[in-house]
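Taking it in order: structure first as structure tokens, then the write-up.
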Amino acid sequence: MNRIDARFKLLKQQRRMLLAPFVTVGYPNISTSRDLALGYVEAGADMLEVGVPFSDPIADGPTVQAASQIALDGGTRLIHAFDLIADIRAKTEIPVLLMGYANPFMHHGFPELADDLAASGADGLITPDFLPEHADDLEALTAEKNIHLIRFAAPTTSQKRLEHIAAGAQGFLYCVSVAGVTGSRADLNPLLPDFLARVEGVTSTPRMVGFGISTPQHVRSLRGHAEGVIVASKLIDIVQSSTTKTAVSTASRYVSELVDAT
Amino acid sequence: MPQADLLPDNLGFYGPYGGRYVPETLVAALDELESAFKKYSQSPSFLRELNELLTLYAGRPTPVYYASQLSASVKGAPIYLKREDLAHTGAHKINNALGQGLLARVSGKPRVIAETGAGQHGVASATVCAMLGLDCVVYMGAEDVGRQALNVARMEVLGAEVISVTSGTCTLKDAINEALRDWVTNVENTFYLFGSATGPHPYPQIVREFQRVIGQEARAQITEQTGRLPSHVIACVNGGSNAIGIFDAFISEESVALIGVEAGGRGDSQGNHAATLALGNPGILHGSRSLLLQDDDGQVSTTHSVAAGLDYPGVGPEHAYLQDIGRATYASVTDAQAMDALRLLAKTEGIIAALESAHAVAYAVALAPQLDPNDLVLVNLSGRGDKDMETIAADHKSRR
């Protein structure tokens, strides 16, 4: 069984939501991003999303953009993401997903991408600018390696399309909390529960909520509305405002607070 | 209508190029845009209003002019100019801005966003929004804001808000990133008035449809003036809207050579040019799969051109397809060659072209002497050079 599916099964028994922190590989530098990922695992993260930076991240707000630029300026490449995933896999059995934009993956080659994901021990792939209607080739290649290609649902997604997306979903549906880009927010979209209920109406696939989930309070408020949450920009904000010495411990402590809220 | 085989397939592909590589949030808006476009581009009342605005507001048809002095100075085949520089706001961009502006209005979107490089599409968008009573926000890279200050002032006087984009390379590519982020966030009330023949489906098709008027007019005008079709049609290409607009009417005429001219900048090394069709490879940027200038890890490259409107690492998917099937060829011209051509055209014909359009002129003046006098070269003079006067003046001073 894919580790993502196994994890959701386990958490269902434990009646908890899944908490997945996000790490930009190479931010603030390659070795610290590795320490952050391992720190999050130690802090009780249920799953990890490892982001590979791209020069033109259209779905990301200023926080992830800035982190991506710093990572690229520091020489981060796709191979560093595979290395990081392999390092995590050597230490834990929690599911790990690679997140990135379509172009670097296509440039790498989809067969090579599927091979490298499998070799590094990844369980899933998230590409925010790669719609299911264009993904047949990639989906076939990743499925062969038992890697889930994650699909997105947005509040703007029509009912008919939502049904179509959900019908082919693997692992979980990435539910975008709000029409917008990534970035920490003070408040959640008040219509989010309605949207999540709409998703539940068409599928039993677990719902992971991302974009703007920032605080333990946000996480608590999603209990009963979703099976998991992804936290990205808030953690990058914490790293950014910490010193090199304290970044890993401060951000990891925050992850444990988020886990406690699940 | 264009030939059926030159329309994109139902997923928006021209051969392997095109499509929709966008976040899920935008799919509904693109679907809505596509159905509005399908409906209104066939609607007699919509087309009547558009044609009336093109005629009475934008000043169409723009003339085709025989550049006899320029032709005499370079010898060889005669050179004709399609004078898009004479359209309102000084470039072909107004054609598409009027079409999409009307689409925004009938779609009930009160807020329009646009990206701009040289500022011409931004000015055209601000102009149309002022006339139609729509709010307008224009994203422009900080570097372009600096080198196209006059166009920034024009947009602001027209009532648009110009947002200077300081992320990435601070040019058109980053302005599009920021406009797409705005659209994702404000998709309910906002129409993205896309200026180039790139972007996610259906934008390349829409932009071509609204720029087709260039080729339609030019074909009729040159046939009337000379009794024949041109042997060569030349246009500058970056995203490729003016080129696809003039190529459209000649694609089905196998005897007409279609030549797009890219920015050769300072040379062929990475970061010094924007010759995507010549030197790029397949990639995905800003919602479509096309050719792309990128490094060996799939990161988008920096580019350079003296012409802000050619300084973009991508190209419209239909141009990539036309190159693949051999229907159009693409060449490049350096900064220096473009400036020389601009000066030659100014001296011989009294026309100061935009630096972008000067790339097409440069290719034409190099090609004409190699052709038979019975050949006929048609150049799309896509815009006028007022916006570039600071760059042109600095060059002029350096030559004295």
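Note on naming: letters A, B, ... go to the chains in the order of the sequence lines (proteins, then strands), and numbering restarts at 1 for each one.
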(Q) Show, in sequence, the C-alpha distance, side-chain angles and deciding distance for B:I284 and A:Y101, and conclude whether the side-chain contact (heavy atoms from CB on, under 4.5 Å) test is met. (A) CA-CA 9 Å; B:I284 294 167; A:Y101 287 83; over 6 Å; no

Q | Test side-chain contact (heavy atoms from CB on, under 4.5 Å) applied to A:T156 and B:T25, step by step | A | CA-CA 6 Å; A:T156 53; B:T25 304; 3.7 Å; yes

**Q.** side-chain contact (heavy atoms from CB on, under 4.5 Å) evaluation trace for B:D296 with A:R77
**A.** CA-CA 10 Å; B:D296 63 358; A:R77 298 172 60 88; 3.1 Å; yes

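To the nearest 0.5 Å, the span separating CD1 on A:I58 from CH2 on B:W183 amounts to 10.5 Å. Rounded to the nearest 0.5 Å, atoms NZ (B:K173) and OG (A:S55) are 5.0 Å apart. A:D129 CG to B:R20 CZ: the interatomic distance, rounded to the nearest 0.5 Å, is 14.0 Å.
Both the backbone and the side chain of A:V181 come within less than 4.5 Å of a heavy atom in chain B. With a 4.5 Å cut-off on non-hydrogen atoms, A:S158 does not touch chain B at all. Only the side chain of B:V27 has a heavy atom closer than 4.5 Å to any heavy atom of chain A. Within the 4.5 angstrom heavy-atom criterion, no atom of B:I176 approaches chain A. For chain B, the nearby part of A:A153 is the backbone; its heavy atoms alone come within less than 4.5 Å. Heavy-atom distances place the side chain of B:V187, and not its backbone, under 4.5 Å from chain A. Interface remark: A:P57 contributes backbone and side-chain atoms alike to the contact with chain B (heavy atom separation under 4.5 Å).
Look at A:R161 and B:E24 and you find a salt bridge, because one of the NZ, NE, NH1 or NH2 atoms lies within 4.0 Å of a carboxylate O, short of that distance.
Residue A:I79 places its CD1 atom among 12 or fewer non-hydrogen atoms of other residues, nucleotides or ligands, all under 6.0 Å distant. By the neighbour-count criterion of 12 heavy atoms within 6.0 Å, atom CD of A:E112 is densely surrounded, having more than that number from other residues, nucleotides or ligands.
A heavy-atom distance below 4.5 Å is not found between the side chains of A:N103 and B:L285. With a 4.5 Å cut-off on side-chain heavy atoms, A:P104 and B:D297 do not count as touching. Counting only heavy atoms from C-beta outward, the side chains of B:R181 and A:P62 never approach each other to under 4.5 Å. Counting only heavy atoms from C-beta outward, the side chains of B:Q299 and A:D56 never approach each other to under 4.5 Å.
Between B:F13 and A:H134, the two ring planes are perpendicular [angle over 60°; tilted spans 30° to 60°].
Ranked by heavy-atom pairs shorter than 4.5 Å toward chain A, the options B:L180, B:D295, B:N177, B:N281 are led by B:N177. When each of A:E133, A:Q69, A:R151, A:Q65 is scored by its heavy-atom pairs under 4.5 Å with chain B, the top score falls to A:Q65.
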